[in-house]
Colleague: 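The structure's right below; bear with me while I get my questions together.
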2 protein chains.
Amino acid sequence: MASRTYIIVGNKAATAPFHLNDLAGAAGRMDLLCRSVSAAFFLSHDLRRDVVIYLVLRGGPAPPRTIRISGTDVKYMSPDERNIAGLIRKALSVEDIDPRWVVSTPGIQVSSRDLVDLLQGLSREERANPFHLTEDGGPIDEADLGGYVTFLLGDHNGLTPEQEGLIDDWPRLSLGRTSYHTDHCITVLNHTIDMRAAKGR
Amino acid sequence: MASRTYIIVGNKAATAPFHLNDLAGAAGRMDLLCRSVSAAFFLSHDLRRDVVIYLVLRGGPAPPRTIRISGTDVKYMSPDERNIAGLIRKALSVEDIDPRWVVSTPGIQVSSRDLVDLLQGLSREERANPFHLTEDGGPIDEADLGGYVTFLLGDHNGLTPEQEGLIDDWPRLSLGRTSYHTDHCITVLNHTIDMRAAKGR
């Protein structure tokens, strides 16, 4: 299976423990981020071990927070929003969060990094073949998705101009003219990369 | 946009009002059905008006129940699991559910139909171009997805042999060798049909 990293920027997403019964409202569209995690990792009766996802949370009350989930080590995760939200809440409950990565539960780490710090700290592998998924990008059909790929996606409101500036040298790809939810984009990306890998290109 | 109907069979899914905090457990993988509804209808800041989804619920305590959601009329629906689960619970709260369709909230109807009755009652349009999505089907790349298409999908455990028998004359299509969650299949199907429609085939 082809390895991949997803970076999702949630400009409104809660940065302190939130109530699990109001993910879409008070927690700043945390529902969308939870479904994005679910889309990134879950197969039917299986979990993609070769996926890493970063959630850059930038809503109140303590931005920024970045959460890293690694399929290699993650445990106790189910595909439903409430379960994943519980794991994110647990990560945000860590005391004295600073720029260093701290493990909250197996495979899940939290830090006070913002997008700029996160991008600077990406591994060589993660920086090798990065793409910005955006509606006005080039058709994904024509892109080389071999080896390790990294995709950056915005939330329901997209990236700020400042955030766009940080990745203006990343190739821009699009899934077509229709505007999809972030989690649906990840599902389509996973399927597209799977199909390419199966065809050996 | 190309019109489409999705039929999802949830063999364990609750058939009476359930608790919103345990969709994946006691409600019989209702989380998966809710995400399937979300995947079927939601675009970024928009809703697919030309989609119909049927959820065939066959778990305890009062099977069968079938819920019909029509994008033409549906209101008050958000893409998060908890919101959609609330609308399904409301449908299951209707008194004296029988084989006739009864509206529970705008665009959502409930009946005591099982899969066999549902299939017999499909409209001529819905019966015109039906497909069974299953791992051992033919590659979707080669299928004609023009006009109105209907897809039947199983839940995490698939269809029973009896259910398979009801649609053994439907062409079988597959999204590849990887086994995906039902909601992820719907997302990929929507994207695939969108792309075909954009290319005019």
Side-chain angles (χ1 to χ4, degrees), chain A residues 1 20-25 27 29-35 38-46 48 78-86 135 139-141 153-158 174-199, chain B residues 1 20-25 27 29-35 38-46 48 78-86 135 139-141 153-158 174-199:
Chain A
M1 199 180 287
L20 294 179
N21 290 353
D22 191 17
L23 301 179
R29 293 310 308 276
M30 193 61 76
D31 65 310
L32 189 66
L33 297 182
C34 293
R35 287 197 303 282
S38 191
F41 287 107
F42 285 96
L43 292 169
S44 191
H45 309 287
D46 204 359
R48 294 177 186 271
S78 314
D80 58 298
E81 288 174 22
R82 193 176 177 88
N83 173 283
I84 295 168
E135 281 161 46
I140 196 161
D141 294 354
L153 301 88
D155 64 3
H156 58 298
N157 289 325
S174 162
L175 298 178
R177 284 183 220 155
T178 310
S179 181
Y180 300 102
H181 274 269
T182 309
D183 58 313
H184 297 159
C185 291
I186 293 178
T187 298
V188 172
L189 286 172
N190 267 341
H191 179 254
T192 304
I193 302 168
D194 290 348
M195 295 299 282
R196 296 283 186 93
K199 289 176 185 165
Chain B
M1 199 180 286
L20 295 180
N21 290 353
D22 192 16
L23 300 178
R29 294 310 308 276
M30 194 61 76
D31 64 310
L32 189 65
L33 297 182
C34 293
R35 286 197 303 281
S38 191
F41 287 107
F42 285 96
L43 292 169
S44 192
H45 309 287
D46 204 0
R48 294 176 185 271
S78 315
D80 59 298
E81 288 174 21
R82 193 177 178 87
N83 174 283
I84 295 168
E135 281 160 48
I140 196 161
D141 293 354
L153 300 87
D155 64 3
H156 59 297
N157 290 324
S174 161
L175 298 178
R177 285 183 218 155
T178 309
S179 180
Y180 300 102
H181 274 269
T182 309
D183 58 314
H184 297 159
C185 291
I186 292 176
T187 299
V188 172
L189 286 172
N190 267 342
H191 179 254
T192 304
I193 301 167
D194 290 347
M195 295 299 281
R196 295 285 186 94
K199 288 177 186 166

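Below, chain A is the first sequence line, B the second, and so on; all start at residue 1. Bear in mind that the values here come from a model prediction, so they are computed numbers and not experimental data.
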Colleague: At a heavy-atom separation under 4.5 Å, does A:Asn21 approach chain B through its side chain, its backbone, both, or neither?
Modeller: both
Colleague: Under a 3.5 Å distance rule, please check whether A:His191 uses its side chain to pair with a backbone N or O of B:Leu175 as donor and acceptor.
Modeller: yes
Colleague: Looking only at heavy atoms, which two atoms of B:Ala40 and B:Asn190 are closest? And how far apart?
Modeller: O-ND2, 3.2 Å
Colleague: Among A:Pro79, A:Gly176, A:Cys34, which has the most heavy-atom pairs under 4.5 Å with chain B?
Modeller: A:Pro79
Colleague: Determine whether a donor-acceptor pair (N or O, by modelled atom type, separation under 3.5 Å) exists between the side chain of A:Asp183 and the backbone of A:Leu32.
Modeller: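 Checked: no pair found.
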Colleague: Is it the backbone or the side chain of A:Ala39 that comes under 4.5 Å from a heavy atom of chain B, or both, or neither?
Modeller: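 Answer is both: backbone and side chain atoms of A:Ala39 are under 4.5 Å from chain B.
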Colleague: Given a strict heavy-atom distance threshold of 4.5 Å, which part of A:Ser38 is in contact with chain B: side chain, backbone, both, or neither?
Modeller: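 Contact with chain B involves both backbone and side-chain atoms of A:Ser38.
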Colleague: Can any side-chain N or O of B:Asp80 pair as donor or acceptor with the backbone N or O of A:Asp31 at less than 3.5 Å?
Modeller: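 Judged by distance alone, no pair lies under 3.5 Å.
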Colleague: Checking heavy atoms, do the side chain of A:Ile186, its backbone, both or neither come under 4.5 Å from chain B?
Modeller: neither
Colleague: Give a yes or no on whether a salt bridge exists between B:Arg196 and B:Asp194, defined as a side-chain N under 4.0 angstrom from a carboxylate O.
Modeller: no
Colleague: Under a 4.5 Å cutoff for heavy-atom pairs, which residue among A:Arg177, A:Arg29, A:His45 has the most contacts with chain B?
Modeller: A:His45
